[in-house]
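Note that the structure is a prediction, hence the values are computed from the model and not measured. One is the number of the first residue; the rest follow in order along the sequence.
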Amino acid sequence: MRISKGIADAGDRSAVPLLLVAGSSAWCYTELRKFRSERGDYMLQAIRRLSKTHLAMLAVCLLAVGGAVYFFLAQRASRHAAELFNYYMAKQQVLAGSVTAEELRADIWGNVYFKNLTWDSPEHERLVDVPEGRIKIKPKDIILRIAGIDTVQEVELSGAYIHLGFDDKMRLDILQNKKTAEESILPDEVPMEKRHLQIKGRLPNIKLILHDTVLSAEYKKRHFILNDVDGTAQIHEHQRLELHLAAGRYGGSIAGKGLNIDGTCDLQGEQKANINICLYDVIPDSLGMRNVKDAMTVTGQMTGSLRKPLIDGALALKELHLNDLYFTNINGTYHYENALITFQDVTGSIFGGTFDAIGLYHFDKRYYKIDVDGKNLMASLAAKSSKINTSVALKIKFRNEGPKGNNLVYGSFSTGKGTYLLVPFLSLRGSFSDQSGELAFSNVEIETKVGTFESDVFKIVDGRLQMGEIFLANGEGRRIRVR
């Protein structure tokens, strides 16, 4: 028993330090949690003791600090943006003439805002005028004052005027800035390879955004003005241009009330294009069809190259007035190549009947040839008189030799059985011409049971029928004047 008790006492004595350490650790952990809890409660109570005014003052201070930092960075960005603009406008050799802008400012997000940007040619011709706009630049390039091919990401213009000139190869016709504005620059003095936009290497991937812009463009002898232009033009992969543009009224070589352009084209190599075009309310008079004001809708798809485009599409007119001829519901297709437009599968209505037509039109020389084949026309509608009743087959030829040439409309007609002033006839045939508002008929033959009536000429003037001399040719070969 003593030995056992001695062993137990010895065990108890060896466990005491361990118990003391364990108890001390537990006490420390409990005290630490208590301290943290009390400290957290104290801080929470301190925050609760803050009034709303104190919290508001703290928020204002934080906003003030943030605003000060933003203002500092914006000021720095604006200063660097102005420096970059002035430096590169003085250094660049692409745009001839002078480019200036007012009130350049920038933010830390890479937006550079400007007012009254202008670009004048060496001959003091205004090429670009932008009341206000925005350029999106990589923020780090502004801060570091560096520029690369993709530094400019977006250009946004509002209320701008832009004039574009193209050479025979559909390249921007821009003279290099080799002479001062006071010196005259003659085209023959500048090498051909330096008369267009010179951008070495890859094109920059830039997105152009237009709002309420006026675009003026010249190509060869053609001139186009587009008003109220909205949309985008974006370069992808440093060579492919994507267009999405809508315009209001347009004029120049062709005039109308609305236009849409959507598609893509390559700016390098053969400049292949795939562009959809829609022209609303085209005025035929602007194309050389004199005094024709009826609106026409033209749609098409441009393929080929920008230099030699091919366009296939459709045209439509609700009505068309040509002298005393009245066409309705006109629809057809066309093909454009080398400034020549050929019309195919054109159909419509005329004087209660139908017609088919083919033709051609030269866009630059403004001459046209159109052949119309009408069937089942109502003679009473064509003559504007109920005195004659029959069905007419009509062949019409429209010929225009250009702005200084003749404008001719002529053709032939034939009918089946009918009546004139209730007098029956077997057939009627002859020729006609429509000039100066007079629809004149010649070589008219009216076949009846008693013989053939002939007339050299009768006219429809201002909607009224004017008869000439009428002869009766009987079976014996004699011509008897009956009127």
### Task
Go through the steps to decide whether V346 and Y334 satisfy the test side-chain contact (heavy atoms from CB on, under 4.5 Å), and finish with yes or no.
CA-CA 9 Å; V346 180; Y334 70 91; over 6 Å; no

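- The two residues C265 and L306 come nearest to each other via the heavy atoms SG-CD1, 4.1 Å.
- A salt bridge links D364 with R222: the distance from a Lys NZ or Arg NE/NH1/NH2 to an Asp or Glu carboxylate oxygen falls below 4.0 Å.
- Residues E237 and N205 have side chains that never bring a donor and an acceptor to within less than 3.5 angstrom of each other.
- More than 12 heavy atoms of other residues, nucleotides or ligands sit less than 6.0 Å from atom NZ of K136.
- Side-chain contact between Y420 and K387 is present, with heavy atoms from C-beta onward closer than 4.5 Å.
- Proximity of a side-chain donor or acceptor of S121 to a complementary backbone N or O of E125 within less than 3.5 Å is detected.
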### Query
Please walk me through it: do I254 and V282 pass side-chain contact (heavy atoms from CB on, under 4.5 Å)?
CA-CA 7 Å; I254 183 172; V282 178; 3.9 Å; yes

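- At a cut-off of 3.5 Å, with distance as the only test, no side-chain donor of H335 or Q344 sits close to an acceptor on the other residue.
- Atom-to-atom distance recorded for D230:CG and T213:OG1 is 7.0 Å, nearest 0.5 angstrom.
- Expressed to the nearest 0.5 Å, how far NE2 of H163 lies from CD1 of I225 amounts to 9.5 Å.
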### Task
Please step through salt bridge (charged side-chain N to carboxylate O under 4.0 Å, His left out) for the pair D120 and R126, ending with a clear verdict.
CA-CA 5 Å; D120 294 329; R126 182 57 51 88; 2.3 Å; yes

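- A side-chain donor from one of E319 and Y326 sits under 3.5 Å from a side-chain acceptor of the other.
- The line from OG1 of T100 to CH2 of W119 is 12.5 Å long, rounded to the nearest 0.5 Å.
- Listed for the T333 side chain is no donor-acceptor partner under 3.5 Å among the backbone atoms of A314.
- Side-chain contact check for T299 versus N276: every heavy-atom pair is 4.5 Å or farther apart.
- A donor atom on one side chain and an acceptor atom on the other are found under 3.5 Å apart for H321 and D294.
- E242 places a side-chain heavy atom less than 4.5 Å from the side chain of T264.
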Output side-chain donor-acceptor pairs under 3.5 Å for residues 153-160, partner residues at least two apart or in another chain, one line each.
{"residue": "E154", "atom": "OE1", "partner": "R134", "partner atom": "NH1", "Å": "3.4"}
{"residue": "E154", "atom": "OE1", "partner": "R134", "partner atom": "NH2", "Å": "2.8"}
{"residue": "E156", "atom": "OE1", "partner": "R134", "partner atom": "NE", "Å": "2.9"}
{"residue": "E156", "atom": "OE1", "partner": "R134", "partner atom": "NH2", "Å": "2.9"}
{"residue": "E156", "atom": "OE2", "partner": "H211", "partner atom": "NE2", "Å": "2.7"}

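- With hydrogens and angles ignored, the 3.5 Å screen pairs a side-chain donor or acceptor of Y361 with a backbone N or O of L287.
- R366 approaches N400 most closely through the heavy-atom pair O-OD1, 3.6 Å.
- Note that OG1 of T232 and CG of L243 are 8.0 Å apart. Values are rounded to the nearest 0.5 Å.
- Taking the six-membered ring where the residue is Trp, F413 and F432 present tilted rings, their angle falling between 30° and 60°.
- Evaluation of the side chain to side chain donor-acceptor pair (under 3.5 Å) rule for H223 yields S216 as partners, not counting sequence neighbours.
- Residues I275 and D262 are not in side-chain contact: their nearest non-hydrogen atoms beyond the backbone lie 4.5 Å or more apart.
- Heavy-atom contacts from other residues, nucleotides or ligands closer than 6.0 Å to CD of Q301 number more than 12.
- The pair R429-E445 meets the salt-bridge criterion, since a charged nitrogen lies less than 4.0 angstrom from a carboxylate oxygen.
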### Task
For the pair L279 and T297, evaluate side-chain contact (heavy atoms from CB on, under 4.5 Å) and give the outcome as yes or no after the intermediate values.
CA-CA 6 Å; L279 305 175; T297 299; over 6 Å; no

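- The shortest heavy-atom contact between V152 and I206 is O-CG1, 3.4 Å.
- Between F327 and F355, the angle of the ring planes goes over 60°, which puts this pair in the perpendicular group of the 30/60° scheme.
- Between Y161 and V130, the closest side-chain pair of non-hydrogen atoms is not below 4.5 Å.
- Contact between Y280 and L259 at its shortest, heavy atoms only, is CD1-N, 3.9 Å.
- The existence of a salt bridge linking D371 and K395 is excluded, since no basic side-chain nitrogen approaches an acidic carboxylate oxygen closer than 4.0 Å.
- Between L360 and F343, the shortest heavy-atom contact is N-CD1, 3.9 Å.
- A distance of 7.5 Å separates CG in L394 from CG in L325, rounded to the nearest 0.5 Å.
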### Task
Take I135 and N111 through the side-chain contact (heavy atoms from CB on, under 4.5 Å) test and state the conclusion after the steps.
CA-CA 6 Å; I135 301 176; N111 294 304; over 6 Å; no

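- A salt bridge between K293 and D285 is present, with a side-chain N of the basic residue lying under 4.0 Å from a carboxylate O of the acidic one.
- Rounded to the nearest 0.5 angstrom, T354 OG1 and L377 CG are separated by 7.5 Å.
- Surrounding NZ of K318 are at most 12 heavy atoms belonging to other residues, nucleotides or ligands under 6.0 Å away.
- Between V214 and L226 the shortest side-chain heavy-atom distance does not fall below 4.5 Å.
- Of all heavy-atom pairs spanning S380 and N389, the tightest one is CB-OD1, 4.3 Å.
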